[in-house]
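Worth saying up front: this structure is predicted, and the values here are computed from it rather than measured. Note that the numbering runs from 1 along the sequence shown for the chain.
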Amino acid sequence: MQERECILVESRSRSEKKPHIIIFNPDEMRADTLAHLGNPAAITPNLDQMVREDGVSFRSAFCQNPVCVPSRCSFFTGLYPHVNGHRTMSYLLRPGEDSLLKELKEAGYYVWMNDRNDLTAGQYEGWTQEHADEIFYGVSKKPAPGPVDPHIRGERGDKHYYSHFRGQLKTDERGLNYTSDDEAVDEACRLIREWKEERPLCIFLGLMYPHTPYQVEEPYFSAIDRGKLPRRVRPEECSGKPRMEELIRSHQNLESFDEKDWDELRAVYQGMCMKVDEQFGRLRDAMREAGIYDDSLIFFFSDHGDYTGDYGLAEKAQNCFEDCLTRVPFLIKPPRDQGISPGIRDGLVELVDFYATAMDYAGVTPSHTQFGRSLRPAVSDPACELRRYAFCEGGRLPGEEHCDEYHGERGQVAGTNSEYWPKQISQKDDFAHAKGIMIRDQRYKYISRTLGSDELYDLLEDPGETHNRIEDPGLAGELVRLQTAMLKWLQSTADIVPYDMDRRFTTEGMWMRVRAMVPPEYEDEVKDKIREGMRLAPLTEYCRSLADRTDRS
């Protein structure tokens, strides 16, 4: 596979049977939460089994923005966030912008999704419904039981006040903590078991877990061996890190956390990932019972990661780019007859590649220029060359005021009683929240910022990204190489030209330009051609042919 910036997806014959497409999309799940990628504390048997038997896992898959909405707007369109300005939690896809779901629906798929949206702008009546045949909004149920310790957060100043930590959850009379995620998974399972139509299915399950708060019930709470957790990256080991992390850390006030506290938080997060794996196993079993597993294309990936204690932080930041935030699980199981060499792939891929891959397997031509690369060749051939670089971007320009998660008007900051206050008040700092772009290859990572200090890491010598070497003269050559590659990437992805072309003249203007050469008896015919969209050059030739025909007669 040759290196190039944009690979167009080649459509298969529309007469070929299209696979069912299942998109399982947990929120805020790090790649290193998977056992098959080397985490000794992870318990993810269902995903691990799929990779062993009939799927592929990409070890180095990167999101294009480290928060929900920009990431989803990117991977559902094959476009980077900067192309159409989708780099804020409050700018979603609007009418005129297609998505994978909308395009598959128009190509004959029955598209089902739960209401975990973060993709389409809700203020346009009927717009979200254009992307799906059915949206599952859940049914009226009492909330799942809360924490075993309902007072664990404490008061402002207590160590858990801004930690997002809830710990162990209670269970109901059935021994369950049945959430909206569980309900959506079970509804998708029901649809699969009852599906009798000839139309292919596309199911999008956008889950909340393992998004904060860090909380999970038994058996997941106690299942994770705290002694097997990988060592976290400690802030005291770091130098030259971004100002945003410094600000959030000071406001979260987690300095009183000891390693036991951090291990408990990380174990609960890992338990949440274990529950996600169990939910995936339920869906897989339903597909097998319904007899559609072999015919289905399955994607499992997350939109971004989570600090989970690395760098002394909880949750995430919108313009920081450590691997814990940007490297995500990305698994693909193709239809059995499409070719597969199961296992792990080590090359670089991006979440924009999801769009290209799904469209390729579905045999649907994209409605717009896109920058993803179909991973279909890599699924069948472990030696297939992947990307040389991966990119991620985030942040804002000075003076821009975009609202963030879970609060109201433009520029507002949640009150100090909100667990998101530390991040939101930090984002008010123009320097800390400056626009940034990450480029990385297999060894080096460079982060360019419009304000403040850039970052450069040697990932071979420093996999934890602890020492910023932007001023190191020994890496000056690598810095120039990465800066040049970033410039070329920006040049090639800065915009897209619509596939449909506009007319330069109105209907009246077109008629004025050709009417002198149109015989009277053909006037209505020519006006119809204009209304049908014939462009000026062919219209002129057509009118001349009519005039010649009249002269000959």
Side-chain angles (χ1 to χ4, degrees), residues 18-28 67-78 86 89-144 178-209 211 276 279-280 282-283 286-287 290 292 296-303 351 354-355 358-359 362 364 367 405-406:
K18 296 182 185 297
H20 302 297
I21 299 177
I22 310 298
I23 306 161
F24 203 98
N25 184 216
D27 191 337
E28 207 157 313
V67 296
C68 310
V69 168
S71 179
R72 282 176 168 81
C73 289
S74 176
F75 66 65
F76 268 121
T77 62
H86 291 290
M89 289 291 292
S90 298
Y91 179 36
L92 292 81
L93 296 185
R94 297 182 177 185
E97 299 180 273
D98 281 346
S99 75
L100 172 74
L101 300 178
K102 185 172 183 289
E103 292 175 80
L104 291 179
K105 178 185 174 185
E106 292 170 352
Y109 274 82
Y110 185 88
V111 177
W112 180 100
M113 67 179 183
N114 62 316
D115 69 336
R116 179 76 169 94
N117 184 2
D118 283 351
L119 177 65
T120 54
Q123 72 269 28
Y124 299 99
E125 192 69 30
W127 170 236
T128 298
Q129 288 75 12
E130 290 188 29
H131 297 255
D133 295 275
E134 181 180 352
I135 302 174
F136 178 67
Y137 291 98
V139 297
S140 297
K141 288 182 177 290
K142 61 182 181 181
Y178 197 75
T179 67
S180 59
D181 284 358
D182 290 306
E183 189 179 34
V185 170
D186 286 345
E187 181 65 15
C189 291
R190 183 200 62 77
L191 176 67
I192 287 169
R193 291 189 179 100
E194 297 177 2
W195 189 252
K196 304 299 181 186
E197 294 189 28
E198 289 298 315
R199 296 170 66 185
L201 267 174
C202 173
I203 291 178
F204 171 56
L205 270 167
L207 304 188
M208 281 297 300
Y209 265 33
H211 194 288
V276 169
Q279 291 166 331
F280 177 80
R282 295 210 310 261
L283 189 75
M287 296 171 68
I292 71 168
S296 296
L297 170 66
I298 301 175
F299 292 96
F300 180 100
F301 61 92
S302 184
D303 52 354
L351 287 193
F354 155 70
Y355 173 87
M359 295 290 273
V364 179
S367 66
E405 297 154 292
Y406 313 124

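Atom-to-atom distance recorded for C202:SG and H131:NE2 is 12.5 Å, nearest 0.5 angstrom. Interatomic distance, E97 CD to S367 OG, rounded to the nearest 0.5 Å: 10.5 Å. The distance from atom CG of D303 to atom CG of L119, rounded to the nearest 0.5 Å, is 11.5 Å. From E125, atom CD reaches atom CD of Q123 across 11.0 Å, with rounding to the nearest 0.5 Å. Taking CG of L297 as the reference point, atom NZ of K18 lies at 12.5 Å (rounded to 0.5 Å). Between D118 atom CG and M208 atom CE the span is 8.5 Å, to the nearest 0.5 Å.
Partners of R282 under the salt bridge (Lys or Arg N to Asp or Glu O under 4.0 Å) rule, at least two apart in sequence or in another chain, are D182, D186, E278. Partners of E194 under the side chain to side chain donor-acceptor pair (under 3.5 Å) rule, at least two apart in sequence or in another chain, are R190. Annotation: side-chain contact (heavy atoms from CB on, under 4.5 Å) contacts of A184 (sequence neighbours excluded): N114, F136, L205. With sequence neighbours left out, E106 forms a salt bridge (Lys or Arg N to Asp or Glu O under 4.0 Å) with K102. For R199, the side-chain contact (heavy atoms from CB on, under 4.5 Å) test picks out Y110, D133, W195, E197, with sequence neighbours left out. Looking at residues two or more places apart in sequence or on another chain, you find a side-chain contact (heavy atoms from CB on, under 4.5 Å) between T128 and M113, N117, T120, I135.
With F24 as reference, F300 is the one residue of F354, F300, F204 to meet the ring pair (Phe, Tyr, Trp, His ring centres under 6.0 Å) rule.
Closest non-hydrogen pair, V364 versus A107, comes out as CG2-CB, 3.6 Å. Closest non-hydrogen pair, S302 versus P26, comes out as OG-O, 3.0 Å. Here the closest non-hydrogen pair linking P19 and A362 is CD-CA, 4.3 Å. Of all the heavy atoms in M359 and L100, the pair that sits closest is SD-CD1, 3.5 Å. In plain terms, the two heavy atoms of A132 and K105 that are nearest each other are O-NZ, 3.3 Å.
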(message) Could you walk me through whether M287 and H20 satisfy the side-chain contact (heavy atoms from CB on, under 4.5 Å) test, starting with their C-alpha distance in whole Å, then the side-chain angles of each, then the deciding distance to 0.1 Å, before giving a yes or no?
(response) CA-CA 10 Å; M287 296 171 68; H20 302 297; over 6 Å; no
(request) Start with the C-alpha distance between L201 and L191, add both sets of side-chain angles, then the distance that settles side-chain contact (heavy atoms from CB on, under 4.5 Å), and finish with yes or no. (result) CA-CA 10 Å; L201 267 174; L191 176 67; 4.0 Å; yes
(request) List the steps and the verdict of side-chain contact (heavy atoms from CB on, under 4.5 Å) for V69 and R72. (result) CA-CA 5 Å; V69 168; R72 282 176 168 81; 6.0 Å; no
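The aromatic rings of Y91 and H86 sit parallel, their planes meeting at an angle under 30°, below the 60° perpendicular limit.
D98 places none of its side-chain heavy atoms less than 4.5 Å from the side chain of T77. In this structure the side chain of I22 reaches within 4.5 angstrom of the side chain of L283, judged on heavy atoms. Using a 4.5 Å heavy-atom threshold, the side chains of L207 and N25 count as separate. Within the 4.5 Å cutoff, the side chain of L101 has heavy atoms near those of the I23 side chain.
Here the side chain of S99 pairs no donor or acceptor atom with the backbone of F76 at under 3.5 angstrom. Under the 3.5 Å distance criterion, the side-chain polar atoms of S74 are left unmatched by any main-chain donor or acceptor of P70. Remark: side-chain polar atoms of S296 are paired, donor with acceptor, to backbone N or O of I292 under 3.5 angstrom. In this structure a side-chain-to-backbone donor-acceptor pair under 3.5 Å is missing from E130 to W127. With hydrogens and angles ignored, the 3.5 Å screen pairs no side-chain donor or acceptor of E183 with any backbone N or O of Y178. Of the possible donor and acceptor atoms, one in the side chain of D181 sits under 3.5 Å from a partner among the backbone N and O of Y209.
Proximity of the aromatic rings of F75 and F301 is defined here by a centroid distance below 6.0 angstrom, and this criterion is met.
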